[in-house]
2 protein chains.
Amino acid sequence: MLQQFMRLENDEIAALGSLASHTKLHDAGHILIHEGGTTDYVYLLVEGTASRYKLLPGGERQILGFLIPGDICDVQFITHRPDHSVALLSRAKIAKIPSRKMTEFLIHYPRIEWALSRAALLDIAILRQWLLNIGQRDACERLSHLFCEMKCRLSKIGKVESDGSFDMPVNQSALADCTGLSIVHINRTLQRLRNDGLIELRRRRLTILDPERLATLAGFSDDYLQVKPCRS
Amino acid sequence: MLQQFMRLENDEIAALGSLASHTKLHDAGHILIHEGGTTDYVYLLVEGTASRYKLLPGGERQILGFLIPGDICDVQFITHRPDHSVALLSRAKIAKIPSRKMTEFLIHYPRIEWALSRAALLDIAILRQWLLNIGQRDACERLSHLFCEMKCRLSKIGKVESDGSFDMPVNQSALADCTGLSIVHINRTLQRLRNDGLIELRRRRLTILDPERLATLAGFSDDYLQVKPCRS
DNA sequence: CGCTGTCTTGAGTCGGATCAAGATTAGTGG
DNA sequence: CCACTAATCTTGATCCGACTCAAGACAGCG
C-alpha cells in the first residue's frame, strides 16, 4: 500500500482506484512475468501472494522476494526485459495496467511517482536483509527471520489475524528456494521450530506462537521495514 | 555515473559539478556511514572504492555491495537512520552534500532525481543477482560472478585497463564476507581460479585472463547491468 | 628490524546436501 | 462419497562442500 509512504489526497486515491479498476482473478501457479520475455504492462497485486524468482540453467531456483497485496510487480524493470519471473503463490486478484498508461498517469500524479520510488527503497532494504540472512545465518535463523519479516509486512496491511496467524501460501520447496537450503533440511528445521513451540504451520497458514523468542532467535528487528511517510 | 541513465543537459552537468565541488580525501578503512547512526549528508564517491555492509552481534559481516566512482552513498536512506554501514576500501575522494541542499537541488533538477531513481533500480538488479549468487551457486561460481560483475561495472566508467586488469582493493576477508564463505575457503578457491588460468590477483589488482571462460563458469551475463537511458 | 595484517596450508569436523522410499494430503473425476 | 493420482511432506542413511582450528610464511610499513 502506497499510503505507507505518503499521505495521499482524495483525488490521488480515486485516480489510483480507477487505474486499478479492471482486475482479474488468476490461479495459483500462474506466471505473470517471464524472465527474459517482454512486458508492456505493470501488474498490481490486489489480493493474494506472489513470488519473484530467477532460474538457473541447471534448474535451481532462487526466490528473490514475496509480493503481498498492494505491491506492484514491475515498475522495476529498467528495460522492458524483466530479469526475473513473477508467479502467483495463491489464487490472486491482479490489475493489469499498460505501461504507457502508467507512465502518463505518473506524469499527472508526480507525488505517486515519488511514493513508488519510496516503495523501491523498501524493496532494497528487504533485499539487503535477505542477503545478510542467506550469507551469514544458519538454517534456523534464516527461516525464523523470514517468518518475522512476513508477519511484520502483512500486519501493516491488516492481514494478520488477532491470534497472530497469517497466510503463508508456500510449500517447503519454496522455503528452500528462498533461503538457499535444501527441501529436506527445511523440513527438519521446521520441525525444530515446531518442537520448540515457536511456530505452527498448517495448511499454508502460519502462526507465530512466541514472537518474542522467534525474533530473538532470528536476530530480527523491524526497523528496516519502517518507512516514514515524508514530504507530508 | 548518472549519464548512464539519462542524457543530461549542459546546465545539469554544471549544476552537479558545483554541487560536488567540495571533495575531501579519506584513507582506506574510513567509515563514512555508521549503521544505526544518523546522517544528514549524502556522499558522492568521486574516486576510489567503498563497500556497504551490515554487522551481526556475533561479529559476522555481510558485504552488501561495492561502490565505485560516480556512485552515491545514501539517497537510499528512507529515514535518516542508515540500516547499514559504508566504509572505504581504498583511499578515496568524497563529496559530502548536506541532505537539505540535495533535496532542494533535486527539486530544481527533477530529471536528475529521475536519473537517481534509475540508479536505485540498478542497485536492485545487482542485489537480486547477488542473492542468486549466494543462494544457489558454489564457491567457484560465486567468486567468478563477482569478478565478472566488477569488471563490467568498472569498464562502464573507464576504469579497466586495455590489458583487462582493474583495481579490486579487497582482501580475502572481504571476499569471504561478500560471498558468504570463509576466508580459508576463499583462499583455496582463488588458487583454483588461478591455477585454471582464469584470473590473476596481485597487489589488489585483478586481471581476468580468460573472460569468456570465466563468464561461462560463473553463469554470468551482463544483461542486468545494462541500463537503457530513456525519457531521452 | 620488528610489528601487524594478510595469505597459505594441513587436519579434522560439521551443517547441510543428496539419494531413496514411504506416508500424508489435496485434487480430480466418476 | 469414494477411488485414484499427483503433490507434498517425512524419515533414514550416506556423503561432501565448506567451516574451524592452528600454525607457519610473507609482505608492507613505521
Side-chain angles (χ1 to χ4, degrees), chain A residues 27-30 51 56 58-63 87-91 133-146 167-195 199-206 217, chain B residues 27-30 51 56 58-63 87-91 133-146 167-196 199-206 217-218:
Chain A
D27 281 333
H30 176 74
S51 72
L56 248 26
E60 300 89 348
R61 173 178 64 157
Q62 175 65 43
I63 292 184
L88 301 185
L89 290 169
S90 65
R91 170 166 271 261
N133 214 25
I134 297 194
Q136 305 298 329
R137 295 200 245 249
D138 68 21
C140 238
E141 298 167 330
R142 285 187 215 181
L143 269 183
S144 309
H145 197 280
L146 175 65
D167 279 332
M168 186 89 197
V170 294
N171 54 23
Q172 298 188 357
S173 159
L175 288 176
D177 291 343
C178 75
T179 52
L181 298 164
S182 70
I183 299 185
V184 174
H185 201 58
I186 286 288
N187 183 291
R188 294 185 167 128
T189 307
L190 279 175
Q191 287 178 51
R192 264 193 46 198
L193 293 178
R194 276 195 271 246
N195 291 336
I199 63 162
E200 194 175 302
L201 178 55
R202 258 174 30 220
R203 332 279 239 55
R204 318 264 119 132
R205 201 158 178 73
L206 181 69
L217 168 60
Chain B
D27 281 333
H30 176 73
S51 72
L56 247 28
E60 300 89 346
R61 173 178 64 160
Q62 175 65 43
I63 291 183
L88 301 185
L89 290 169
S90 65
R91 171 167 270 262
N133 214 25
I134 297 195
Q136 305 297 330
R137 297 199 245 249
D138 68 22
C140 240
E141 297 167 331
R142 284 186 216 182
L143 267 184
S144 308
H145 197 281
L146 176 65
D167 279 333
M168 185 87 196
V170 294
N171 53 24
Q172 296 188 357
S173 158
L175 289 177
D177 292 343
C178 77
T179 53
L181 298 164
S182 69
I183 298 185
V184 173
H185 201 57
I186 286 288
N187 183 291
R188 296 186 164 125
T189 306
L190 279 175
Q191 286 179 52
R192 265 194 46 199
L193 293 178
R194 276 194 271 246
N195 290 337
D196 289 355
I199 63 161
E200 194 175 301
L201 177 55
R202 259 177 25 222
R203 330 275 238 55
R204 318 263 122 132
R205 204 161 173 73
L206 181 70
L217 168 61

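The basis for the numbers below is simple: all heavy atoms, side chains too, and nothing from hydrogens, waters or symmetry mates. Chain A is the first sequence line, chain B the second, and so forth, proteins listed ahead of strands; every chain is numbered from 1.
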A.B. asks: On the nucleotide C:dC7, are OP1 or OP2 found under 4.0 Å from the side-chain N or O atoms that B:N187 carries?
C.D. replies: no
A.B. asks: Give a yes or no on whether the backbone of A:R61 and the side-chain of B:Q136 come within a donor-acceptor separation of less than 3.5 Å.
C.D. replies: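 Checking the backbone N and O of A:R61 against the side chain of B:Q136, a donor-acceptor pair under 3.5 Å is found.
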A.B. asks: What integer distance in Å separates A:L190:CG from D:dT11:P?
C.D. replies: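 Between P of D:dT11 and CG of A:L190: 12 Å.
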A.B. asks: For A:L181 and C:dG15, what is the distance between atoms CG and C1' respectively, to the nearest whole Å?
C.D. replies: 10 Å
A.B. asks: Taking for each residue the nucleotide of DNA chain C bearing the nearest heavy atom, is the 5' side occupied by A:R203 or by A:C140?
C.D. replies: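 The residue mapped nearer the 5' terminus is A:C140.
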A.B. asks: Can you tell me the distance, in whole Å, between the CD1 atom of B:I183 and the P atom of D:dC19?
C.D. replies: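 Rounded to whole Å, this separation is 11 Å.
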A.B. asks: Can you tell me how far P of C:dG16 sits from CD1 of A:I134, to the nearest Å?
C.D. replies: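 Going from CD1 in A:I134 over to P in C:dG16 covers 13 Å.
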A.B. asks: Could you check whether A:R204 gets within reach of a base, just the sugar-phosphate, or nothing at all, counting any heavy atom under 4.0 Å?
C.D. replies: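 Answer is sugar-phosphate: A:R204 comes under 4.0 Å of backbone atoms only.
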A.B. asks: Under 4.0 Å, heavy atoms only, any strand: does A:R188 hit a base, just the sugar-phosphate, or nothing?
C.D. replies: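 Answer is base: heavy atoms of A:R188 come under 4.0 Å of a base.
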A.B. asks: Within the pair A:R137 and C:dG15, is there a side-chain N or O less than 4.0 Å away from OP1 or OP2?
C.D. replies: no
A.B. asks: Quickly work out the A:I186 CD1 to C:dA17 P distance and round it to whole Å.
C.D. replies: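 So the CD1-P distance, A:I186 to C:dA17, works out to 8 Å.
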A.B. asks: Given C:dT6, C:dT9, D:dC19, identify the nucleotide with an atom nearest to the side chain of B:N171.
C.D. replies: C:dT6
A.B. asks: Between A:R194 and D:dT10, is there a side-chain N or O to OP1/OP2 distance below 4.0 Å?
C.D. replies: yes
A.B. asks: Just how far, in rounded Å, is P of C:dA17 from CD of A:Q172?
C.D. replies: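 One finds 13 Å between P of C:dA17 and CD of A:Q172, rounded.
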A.B. asks: For the pair made of CG in B:L175 and P in D:dA18, what is the distance, rounded to whole Å?
C.D. replies: 15 Å
A.B. asks: Is a side-chain donor or acceptor of B:N171 paired with a backbone partner of B:S173 at a separation under 3.5 angstrom?
C.D. replies: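 Yes, B:N171 side chain to B:S173 backbone: donor-acceptor pair under 3.5 Å.
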A.B. asks: To the nearest Å, how far apart are B:R192 CZ and C:dC7 P?
C.D. replies: 20 Å
A.B. asks: Counting distance only, does the side-chain N/O of A:D138 pair as donor-acceptor with the main-chain N or O of A:C140 below 3.5 Å?
C.D. replies: yes
A.B. asks: Quick check for you: among D:dT11, D:dC19, C:dT9, whose closest atom lies nearest to any side-chain atom of B:H185?
C.D. replies: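 Of all the options, the side chain of B:H185 is nearest to D:dC19.
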A.B. asks: Need one value for A:G29: base, sugar-phosphate or nothing, where a base atom within 4.0 Å counts as base even if backbone is also close, heavy atoms only.
C.D. replies: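 No contact.
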A.B. asks: Identify the heavy atoms of A:D177 and A:Q62 that sit nearest to each other, and give their distance.
C.D. replies: O-NE2, 3.3 Å
A.B. asks: Hey, could you give me the CG/CG distance between B:D167 and B:L89, rounded to the nearest 0.5 Å?
C.D. replies: 11.0 Å
A.B. asks: Between D:dC9 and A:Q191, is there an OP1 or OP2 to side-chain N/O distance shorter than 4.0 Å?
C.D. replies: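 No, A:Q191 has no side-chain N/O under 4.0 Å of OP1/OP2 on D:dC9.
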